[in-house]
Amino acid sequence: MKETAKKRSQRINELQKKLRSGSYMTVDEKKQLLQLVLKKIEVNKTQISKEDLMTKYKAAFDALKQDLKEAAQAYMKTYVFEQIKIKKNPAGRALVNKINKRYFDQHLAEKIGTALYKDYSFDEAQYLIDQHKKWIEAEYKKYLQEGEESGGIH
C-alpha cells in the first residue's frame, strides 16, 4: 500500500515529537523516521524546482534537511551502540577516542550524508553504518577481553 504524503507527514510528526521529547524509541522507529524524512526530501527535490527550494521554500526545506540529519544521527547512534556499554575509565575513553578517530578519518559523516542527501539511498547509508558497526563490535570485543584479563572492566 502506497503511503500518501499526508499520512507520511503525520507519521513523521508523531515520530519527531517522540524523538525530541526524549521518549524511548526503538531502533525500528528511528529507522522508520529516517526513511520517511528521506522519502519526503526525495519527493520535494524531484517535484519542486531547485530554484523554488532555494527561495520560496528555503526555510521549510532547510528545516527538512535538519530533520534528516537529526533522524540519521538518532538512528545511527541507537543502531550502532544499542548493545555496547563502555565504562568511563582509561580503557573506555581510549576505545571512544579510537571510535571517534576512525569515524572522522574515514569521513563517514560525509559519506553517509552523500548517500542520504544526494543519492536518497537508505541502503547505501545502511551499508556504511553496518561496516562501521562491525568494526566497532570487533574493537568492543577486544576491549571486553582485555578488561576480563586485567579484571578492570566489569
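Throughout, numbering of the chain's residues begins at 1 and tracks the sequence.
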Quick one, Lys69 and Gln73 - any side-chain contact, counting heavy atoms below 4.5 Å?
yes
Is Arg11 salt-bridged to Glu14, cutoff N-O under 4.0 Å?
yes
To the nearest 0.5 Å, what is the distance between NZ on Lys87 and OH on Tyr143?
7.0 Å
Kindly determine whether Tyr79 and Tyr75 satisfy ring pair (Phe, Tyr, Trp, His ring centres under 6.0 Å), including the steps that lead there.
CA-CA 6 Å; Tyr79 178 76; Tyr75 170 67; 5.4 Å; yes
So CD1 of Ile12 and CG of Leu34: to nearest 0.5 Å the spacing works out to 10.5 Å
Do you reckon Val43 sits in the same ILVMFWY cluster as Leu33, going by side-chain contacts under 4.5 Å, direct or chained?
no
Atom NZ of Lys39 and atom CZ of Arg8: how far apart are they, to the nearest 0.5 Å?
6.5 Å
First locate atom CG of Leu64, then atom CD1 of Ile41, and finally report the distance between them rounded to the nearest 0.5 Å.
4.0 Å
Exercise: identify the closest heavy-atom pair between Ala74 and Lys30
O-CD, 3.5 Å
Scan for side-chain hydrogen bond (donor to acceptor under 3.5 Å, both in side chains) pairs involving residues 94-103, sequence neighbours excluded, and state none if there are none.
Lys98-Glu139, Lys101-Asp105, Arg102-His132
Evaluation steps, side-chain contact (heavy atoms from CB on, under 4.5 Å), between Lys85 and Tyr140:
CA-CA 9 Å; Lys85 306 294 181 228; Tyr140 184 64; 3.9 Å; yes
Crowding at CD, Glu82 (>12 non-hydrogen neighbours, <6.0 Å)
yes
For Tyr127, is the OH atom crowded, meaning more than 12 foreign heavy atoms sit under 6.0 Å from it?
no
I'd like to know if Asp130 pairs up with Lys133 as an ion pair, taking the criterion as any Lys NZ or Arg NE/NH1/NH2 lying under 4.0 Å from an Asp or Glu carboxylate oxygen.
no
Can you tell me if CD on Glu110 sees more than 12 non-hydrogen neighbours from other groups inside 6.0 Å?
yes
Between Tyr120 and Tyr117, what is the shortest heavy-atom contact and its length?
CE2-O, 3.7 Å
Which pair of non-hydrogen atoms, one from Ala72 and one from Leu116, has the smallest distance, and what is that distance?
CB-CD1, 3.8 Å
Ala125 versus Ala115, closest heavy-atom pair with distance:
N-CB, 3.7 Å
Just verifying a value: how many Å separate Ile136 CD1 and Leu95 CG, rounded to the nearest 0.5 Å?
8.0 Å
After noting the C-alpha distance and the side-chain angles of Asn44 and Lys40, does the key distance pass the side-chain contact (heavy atoms from CB on, under 4.5 Å) rule?
CA-CA 6 Å; Asn44 282 331; Lys40 189 172 182 178; 4.0 Å; yes
Any side-chain heavy atom of Arg20 sitting closer than 4.5 Å to one from Glu70?
yes
Nearest 0.5 Å, please: how far is CG in Asp52 from CZ in Phe61?
12.0 Å
